[in-house]
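All values below were derived from every heavy atom in this structure, side-chain atoms included, with hydrogens, water molecules and symmetry-related copies excluded. Letters A, B, ... mirror the listed sequences (proteins, then strands); counts begin at 1.
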2 protein chains.
Amino acid sequence: MSDVTEEISSKSTRELILDEALHCFADRGYEGTSLNDIAAGVGIRRPSLLHHFPSKEALYTDVFEMLLSEWLEGLEVAMASPASGWDKAELVIRAGFDLFARTPDYVRIMRREALDSGVHVGVDLSGFLRPLFDSACAYFTSEMDAGHFRRHNSQHLIITGYGAILTYFSDAPFIDELLNDQALTPENVRDHCDHVVAFFRAALVA
Amino acid sequence: MSDVTEEISSKSTRELILDEALHCFADRGYEGTSLNDIAAGVGIRRPSLLHHFPSKEALYTDVFEMLLSEWLEGLEVAMASPASGWDKAELVIRAGFDLFARTPDYVRIMRREALDSGVHVGVDLSGFLRPLFDSACAYFTSEMDAGHFRRHNSQHLIITGYGAILTYFSDAPFIDELLNDQALTPENVRDHCDHVVAFFRAALVA
DNA sequence: AACGGGCTACCTACTGGTAGGTAGGGCAGA
DNA sequence: TCTGCCCTACCTACCAGTAGGTAGCCCGTT
């Protein structure tokens, strides 16, 4: 019970910090973000922030774990679907787009982490994502064996899909300039999602 | 004449600095790299480095302009090829892979720049790349109109390709972990290139 | 009275950048 | 051939500013 009240009373500021930290880290990266920036965004001083998190790295790790758990949850639900064949692949692609469109800041943090080879985060990133990767590989391979999909190397296929989907969100500011338009409006996200789905379908389904 | 000797004597250190800066910026980003890091890598002190470049930002801009000119050169040659239809698309994809495999550090800097919306660099990035983007769009659109390719939205198609190709190099450390293998060995790069070519061919060529 | 959550004031380490000095090569003129 | 000068490339020492983090006080709630 005391747990709960403690949670409620402290959660507000703590969550405000997590939200602001998420946004700052996504926007300017780990090194480019100072605790002063985050604290100022919340409306408190840096030492007050450090009252809630023991260090910058601990704060970052907490943000990153939020990210991972949300992704894992979102994708596992889609991958556990009883659908099969192309329907399931499309379902997972669309789930990924929904997930990433909902949390573009997460995508940019993940991309930065991939670039930095995970030096800032104290969690076992590959340990987290390998199971998803492996089960996705197994799915595509079995569908190819069954003749439902054209034959491709499953690992490379998934890496290609990962890059194609994530890039649209991570590089959104850059794509804005290329398109002379806002990449992340709901319509444009849907358009791109439809395109990726159609593209992968054309490549996979004979 | 005095120009030449001046160039020869100073070029060596200047180029060493540019090389080291390229590597550091790619590895740890603009904010994560200090001038001390770069100077130490070259084997000189920071003030000596600032003798060759007026500021950190100027050094970064020089590195980035090296990148842009090399990319522009490499891709324009491929895009100017007289080939047509799928042959030309494959040629450009393979040229891109060659280019990026030769200079993976450039890819990572470009990706960081895309994430940071180009705040560090004093050059007009979209102005540089828009012509390539637009002419690639025009090419695919005309080939689709001629019935050589399946119909897709050209802009989204190129963004998908851009993401699929670049990610393999920018996220190489991350992909290493996923594959339990070195992503950037010549064999693996060739394999992935072959995969992307086959994948795009399957999606585009009816 | 105890305490949670904020504050000011401070610390050390390090940042990008500057000031000023030095070693040594190239070169014009005696 | 020697001498004096300039220039490049590097150095040490320092600057102001900012980073992350700590110590300790204040104050409203319980």
Tell me every residue that passes side chain to side chain donor-acceptor pair (under 3.5 Å) with B:D19, counting only those two or more places apart in sequence or in another chain.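 Scan of B:D19 (side chain to side chain donor-acceptor pair (under 3.5 Å), adjacent residues dropped) gives none.
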
A:N36: partners by side chain to side chain donor-acceptor pair (under 3.5 Å), with sequence neighbours left out: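 Applying side chain to side chain donor-acceptor pair (under 3.5 Å) to A:N36 gives A:R46.
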
Are any of the side-chain heavy atoms of A:Y60 and A:I109 separated by less than 4.5 Å?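 They are in contact (side-chain heavy atoms under 4.5 Å apart), so the answer is yes.
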
Is there side-chain contact between A:I44 and A:L16, with at least one heavy-atom pair below 4.5 Å?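 A:I44 vs A:L16: side chains apart.
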
Applying side-chain contact (heavy atoms from CB on, under 4.5 Å), name anything that partners [X], two or more places apart in sequence or on another chain.
X: A:L91; value: A:A78, A:S81
X: A:M66; value: A:L18, A:Y106
X: A:A40; value: none

For B:D116 and B:Y30, test the side chains for any donor-to-acceptor distance below 3.5 angstrom and give the result as yes or no.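 Side-chain D/A pair, B:D116 to B:Y30: absent.
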
Do B:R112 and B:S170 have a side chain donor and acceptor closer than 3.5 Å?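 No - no donor-acceptor pair under 3.5 Å links their side chains.
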
Identify, residue by residue, the members of residues 55-65 of chain A with a heavy atom below 4.0 Å from DNA chain D, and return them in order of residue number, or none.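 Listed by number, they are A:S55, A:K56.
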
What pairs with A:D98 under salt bridge (Lys or Arg N to Asp or Glu O under 4.0 Å), at least two apart in sequence or on another chain?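 With neighbours one apart ignored, the set is empty.
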
Here DNA chain D, pairs taken as Watson-Crick or G-U under 3.5 Å and shown with ( ), [ ] when crossing and | when to another strand, reads ||||||||||||||||||||||||||||||

Atom pair distance, as rounded to whole Å: [atom1] in [X] and [atom2] in [N]:
X: B:R46; N: D:dC14; atom1: CZ; atom2: C1'; answer: 10 Å
X: A:L50; N: C:dT8; atom1: CG; atom2: P; answer: 15 Å
X: A:H51; N: D:dG24; atom1: NE2; atom2: C1'; answer: 14 Å
X: B:R14; N: D:dT8; atom1: CZ; atom2: P; answer: 14 Å

It should be established whether A:H52 places a side-chain nitrogen or oxygen under 4.0 Å from OP1 or OP2 of nucleotide C:dG4.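 False: A:H52 side-chain N/O out of range (4.0 Å or more) of C:dG4 OP1/OP2.
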
Under 4.0 Å: is that the gap between some side-chain N or O of B:S48 and OP1 or OP2 of D:dA9?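 Answer is no, no contact under 4.0 Å.
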
Compile the donor-acceptor pairs under 3.5 Å between side chains in residues 174-181 of chain A and protein atoms, sequence neighbours left out, one pair per line.
residue: A:D176; atom: OD1; partner: A:A183; partner atom: N; Å: 2.6
residue: A:E177; atom: OE1; partner: B:S126; partner atom: OG; Å: 3.1
residue: A:D181; atom: OD2; partner: A:N188; partner atom: ND2; Å: 3.0

For nucleotides 25-30 of chain D, which of its nitrogen or oxygen atoms have a protein nitrogen or oxygen under 3.5 Å away, and what is each distance?
none

Interface with DNA chain C, restricted to residues 28-45 of chain A and to heavy atoms under 4.0 Å: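 Output list: A:I44, A:R45.
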
Test: salt bridge (charged side-chain N to carboxylate O under 4.0 Å, His left out). Region: residues 72-82 of chain B. Which pairs qualify, not counting sequence neighbours?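 As it turns out, there is no salt bridge (charged side-chain N to carboxylate O under 4.0 Å, His left out) pair with a partner in residues 72-82 of chain B once direct neighbours are skipped.
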
Kindly give the heavy-atom pair with the smallest separation between B:T33 and B:R28, and that separation in Å.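 Reported closest heavy-atom pair: OG1-CB, 3.9 Å.
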
